[in-house]
2 protein chains.
Amino acid sequence: MSKPNLVLFEDNERLRQSLELLLTDMSGFELVGSYGDFTLLDEVFGKTSPNLAMLDIDMPGMTGIAAVKIIKERCPLCRVMMFTVFDDDERIFQSICNGADGYILKNTSPLKIIKALQELSEGGTPMSPFIAQKIFQHFRQSSKASDHNLTLREQDILKLLVNGHSYKMIAADCHITLDTVKKHLKNIYTKLHVNCGTEAVAKALRDRIVPI
Amino acid sequence: MSKPNLVLFEDNERLRQSLELLLTDMSGFELVGSYGDFTLLDEVFGKTSPNLAMLDIDMPGMTGIAAVKIIKERCPLCRVMMFTVFDDDERIFQSICNGADGYILKNTSPLKIIKALQELSEGGTPMSPFIAQKIFQHFRQSSKASDHNLTLREQDILKLLVNGHSYKMIAADCHITLDTVKKHLKNIYTKLHVNCGTEAVAKALRDRIVPI
DNA sequence: ATAGGCAGTACCCGAATGGGTAATAGAATA
DNA sequence: TATTCTATTACCCATTCGGGTACTGCCTAT
C-alpha cells in the first residue's frame, strides 16, 4: 500500500517550509504539492487526484473556505482538512458546510498534525479540542422548550405541527377533539410570541424546541 | 491535585464490573459511584458533586439522555460523557442538546475510554470518530434550494414564508398581488412534495433551503 | 380547602389558506 | 423562429386556521 498523496496550501512561506520538512519520508505521507495560493487549484485537482489536502483559510485571492467547496466538487473523494488560526463559529461552520473533513488550529503540535492527517486519511474527522467544544456548544445554545414554558402536551402538539400534521390529524393522533387542538395551539402561539403556524414551526426549529 | 471523581451509570452488570475494574488505582480516576439505574440520581448529584459522569443511554426507567439534562441542572460543572451503542442522529443530537460533553461508542477500547475520560476531565470533548463524522455530516447534508428546482422568485417567497410573513405580507413585500403569491406557493408546495405552509417551512429549514 | 395551572370541550365568526383552472407577456432556449 | 419556462394576474370554492369567550374536571401547591 502506497503512501497517501497530500497537497498543501499555505501562504506563509516559513510555515509552509516547516510543514514541508515535517511531511517528508518519515511522516508516512507523500507531499505531491505545496502552494502559496489557490491559482493552480484547477490544475492540481484536474490533472491529479490527491488523497488529502490541507488548507489554510486566510489566503491571497481566494479563501480556503471557498477552495474546499471547489475541491469537493472536483474530487469528492479527496479528504480536506482546514489548518488555520481562525476559531470563530462563522468560519468553522462555513468550512464544514462546504465539505471540510477536519479542522485543526495552527497551535497544534507537529506530532498532532501528523496524527490528524493519519486520522483524516483513515476516514476520520480530526479536529482540535477547541473546535469540538464549539461544535457541541452550537447544539446546546438552543433555547429549548423549557425556556418557553411549554407544557408536555403543548410540546407534543407542536412537534406534530412541525412534522406536517394538520389540526385535524393532530386531533386524531392525540385522541382529542379539533377544538382542543386549536386551544393548545393558540396557547403555544402566545407562548412563542408568534401568531401563526408557519411562524411557530420556524421558531420551533430555529430554537430547537423540536429536533431538526 | 487529587484524582477526578467519577460516577458510572451502566445497567449491564458484566460491562459495569469490567468498567469498575478498568477504573481503579492505575486509571487516574476515583470511581465514587457505580449504578445500574438512575434511581439514586438525586442523591448522587445532590449530596455529592462528582467531577465526571459516564452514562449509558439505554437504561431501565429513565434514559441517559433525560439523565444528562437533570445532572447538568443540578451540577453544571460536572462533565458528562455518553457511553452507548447508539449511533443514530436523534440520540446523538438530543444528548448533546441536553448537555453531554462527550459521546463515545461502546466498541471503544479500554485504553481509549481512559483517554476519553482524561480529555473530558481536562475540559475537552471526546467523541468516537464515527460520531465526529455524523456531526460534520449534519452540517453538510444541506440539500440546498437548487436540489428542488425552485426558481429565484420561489426561493424569495419561501424565505418570506419561513420568516413568518402571511400571504398578504408577502404580496406587499414583493409588490405582487395576493393571487400571484398563492400561485407561487402552490408551485413551491408541489416541488417540495408538501401540501401546506407549515410543512414547507419545516422542510425548508431542515433541508436548509432557507438559512436557519 | 382553595386557588391556580393544565387538559379538555364547545361554540361562533371572519380571515387565511390550498386547490383547481385559465390566460398573458417576456425571457430563455432549442 | 418556435417552444418552453417564468412571472404574473385572475376567479371560484371548500377547508383550514386563528382569535375570542366560557365551562368542566383534575391535580398540585399554598
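In what follows, chains are A, B, ... by sequence order, proteins preceding strands, each numbered from 1.
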*Asks:* How many whole angstroms separate atom CD of B/E199 from atom C1' of D/dC17?
*Replies:* 16 Å

*Asks:* Nearest whole Å is fine: how far is C/dC11 P from A/K186 NZ?
*Replies:* 13 Å

*Asks:* Provide, to the nearest angstrom, the distance between the CG atom belonging to B/L161 and the C1' atom belonging to C/dA16.
*Replies:* 12 Å

*Asks:* Mind checking if A/T151 touches a base, just sugar-phosphate, or nothing, with heavy atoms under 4.0 Å?
*Replies:* sugar-phosphate

*Asks:* Students often get this wrong, so: under 4.0 angstrom with heavy atoms, is B/K168 touching a base, only sugar-phosphate, or nothing?
*Replies:* sugar-phosphate

*Asks:* Report the distance from atom CG of A/D156 to atom C1' of C/dA7, rounded to the nearest whole Å.
*Replies:* 12 Å

*Asks:* Please determine if B/D101 and B/K72 form a salt bridge, counting it only when a charged side-chain N lies under 4.0 Å from a carboxylate O.
*Replies:* yes

*Asks:* Can you tell me how far C1' of D/dT15 sits from CG of B/N195, to the nearest Å?
*Replies:* 13 Å

*Asks:* B/H193 has an atom NE2; how far is it from atom P of C/dG19, in whole Å?
*Replies:* 14 Å

*Asks:* Establish, with yes or no, whether the OP1 or OP2 oxygen of D/dT9 is under 4.0 angstrom from a side-chain nitrogen or oxygen of B/T180.
*Replies:* yes

*Asks:* Mapping A/L178 and A/K183 to their closest nucleotides on DNA chain D, which lands nearer the 5' end?
*Replies:* A/L178

*Asks:* Under a 3.5 Å cutoff, is there a donor and acceptor pairing between the side chains of A/Q133 and B/T125?
*Replies:* no

*Asks:* Please determine if B/D56 and B/R16 form a salt bridge, counting it only when a charged side-chain N lies under 4.0 Å from a carboxylate O.
*Replies:* no

*Asks:* Kindly point out which of C/dA7, D/dG19, C/dG8 is positioned nearest to the side chain of A/Y189?
*Replies:* D/dG19

*Asks:* If the cut-off is 4.0 Å, is A/R153 near the phosphate of C/dG8, judged by side-chain N/O to OP1 or OP2?
*Replies:* yes

*Asks:* Return the value, rounded to whole Å, for the distance between atom CD1 of A/I176 and atom P of C/dT9.
*Replies:* 7 Å

*Asks:* Tell me which of B/L152 and B/K182 sits closer to the 5' end of DNA chain D, going by the nucleotide each one is nearest to.
*Replies:* B/L152

*Asks:* Atom CD of B/E154 to atom P of D/dC5: distance rounded to whole Å?
*Replies:* 13 Å

*Asks:* Run the salt-bridge test on B/E119 and B/K112 with the 4.0 Å N-O cut-off and return the result as yes or no.
*Replies:* no

*Asks:* Under a 4.0 Å threshold between the charged nitrogen and the carboxylate oxygen, would B/K134 count as salt-bridged to B/D88?
*Replies:* no

*Asks:* If you look at every strand shown and take non-hydrogen atoms under 4.0 Å, does B/T177 touch a base, only sugar-phosphate, or nothing?
*Replies:* sugar-phosphate

*Asks:* Please determine, for the side chain of A/D179, which listed nucleotide (D/dT8, C/dC11, C/dT9) has the closest atom?
*Replies:* C/dC11

*Asks:* Taking only the side-chain heavy atoms of B/H184 (C-beta and beyond), determine which of D/dT8, D/dC17, C/dG20 contains the nearest atom.
*Replies:* D/dT8

